Amino acid sequence: MTGSSAGTGAWIRRFHPAPEAPVRLVCFPHAGGSATFYFPVSRAMSPHVDVLSVQYPGRQDRRGEPCIDTVAGLADAVVEELLPWADRPLALFGHSMGASLAFEVALRLESRGVVLRGLFASGRRAPSRFRDEAVHLAGDDTLIEELKKLSGTDTQVLGDPEILRMILPAVRNDYRAAETYRFTGGPRLNCPVLALVGEEDPQVTPEEADAWQEHTNGPFRVSRFTGGHFFLNSHAAAVMSEISGHLSQTPASGHR
C-alpha cells in the first residue's frame, strides 16, 4: 500500500501533501473501500487542493482492527481525527456509503463551529430517503453478486477466493452500516451541497438525488453523469473538474 505522510495517524491518509493549498478536501470511501481509492484524486488535485483520504478500520493496514458497523460510530470517530486539520477550510466528498458518512461528519463539524466549503455527495440517495435493504444479512454469494452488479470491485479480485476471504468481512460490515443508517432529523447544513449521480445508478433515483436539497440552507445542485453506480470511475476528470470549480469559486471563510 502507498504510505501516508507522517503525522496523519491511522484514520487519515495524505498521499500528496499540499501545505500551501487554500483548502482541504476530505474523501470518504464507499462500502468495502479504502483510502487508496482516492490516491489518483490526491495526485491530480495537488498542489491546489490538499486531499485527505479516510481509512476505515478493518481493511488494508488496519485489517487487524475491529470494524465499526454504524455510520454514527464512524462519524464520531472521524470528526475527532479531522478537527486538527480544520486550521484551513475543509470540504467533504463521499461516494455511496461514504456520502452518508460525509453528511454525518459535516453535521458534527458544523456543530463544533467548523465552517465547511461544501459537501459533495456522490452515488447516494439523500439521508431522508429510506430504502429497506438487507444485503448485509445475505450469504457470501449474494454479497459478491451485489458487488459485481454495482461494478465497484475488480471482477478479477472477486474471482480470487483468498482475496475474497480478506475483503468480505469489511464489505459486509460496511453494508450493515449503510443499510441500517437512519436519518432521524435535526438541523440542516449551512454549507453548499452538490449531489453527483449516475443516470443509470440503481441505488439513486432522480427524486432521491434531488432530496439532498432538503438537508442544506446553502446552495444546492445536482450534477448527472452517464453510467451506473460507479460512474466516477469513467468520469474521474469531469468529477474532479466539478469539485475544483466549486472550490475555486467558493470564497474562503472562517473556520474553528
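Being a predicted model, the structure only gives us computed values, none of them experimental. Counting from 1, the numbers follow the sequence of the chain as shown.
In this structure, Asp210 pairs ionically with Arg224, as a charged nitrogen and a carboxylate oxygen lie closer than 4.0 Å. We find that Arg108 and Glu80 are not joined by a salt bridge, their nearest charged nitrogen and carboxylate oxygen being 4.0 Å or further apart. A salt bridge links Asp87 to Arg24: one of the charged nitrogens lies within less than 4.0 Å of a carboxylate oxygen.
Using cut-offs of 30° and 60° on the angle between ring planes, the pair His95 and His229 is tilted.
Between Asp174 and the options His30, Arg59, His136, a side chain to side chain donor-acceptor pair (under 3.5 Å) holds for only Arg59.
Glu242 places no side-chain N or O within 3.5 Å of a backbone atom of Ser223 that could act as its donor or acceptor partner. Side-chain N or O atoms of Arg62 include one that pairs as donor or acceptor with a backbone N or O of Gln55 at under 3.5 Å.
Rounded to the nearest 0.5 angstrom, Leu82 CG and Leu92 CG are separated by 7.5 Å.
The shortest side-chain heavy-atom distance between Leu25 and Tyr38 does not fall under the 4.5 Å cut-off. Contact of the Leu232 side chain with the Phe93 side chain is registered, since non-hydrogen atoms from C-beta on lie closer than 4.5 Å. Counting heavy atoms from C-beta outward, Cys191 and Leu189 have side chains that approach closer than 4.5 Å. For the pair Glu133 and Gln203, the minimum side-chain heavy-atom distance is below 4.5 Å.
A ring-centre distance under 6.0 Å is found for Phe120 and His246.
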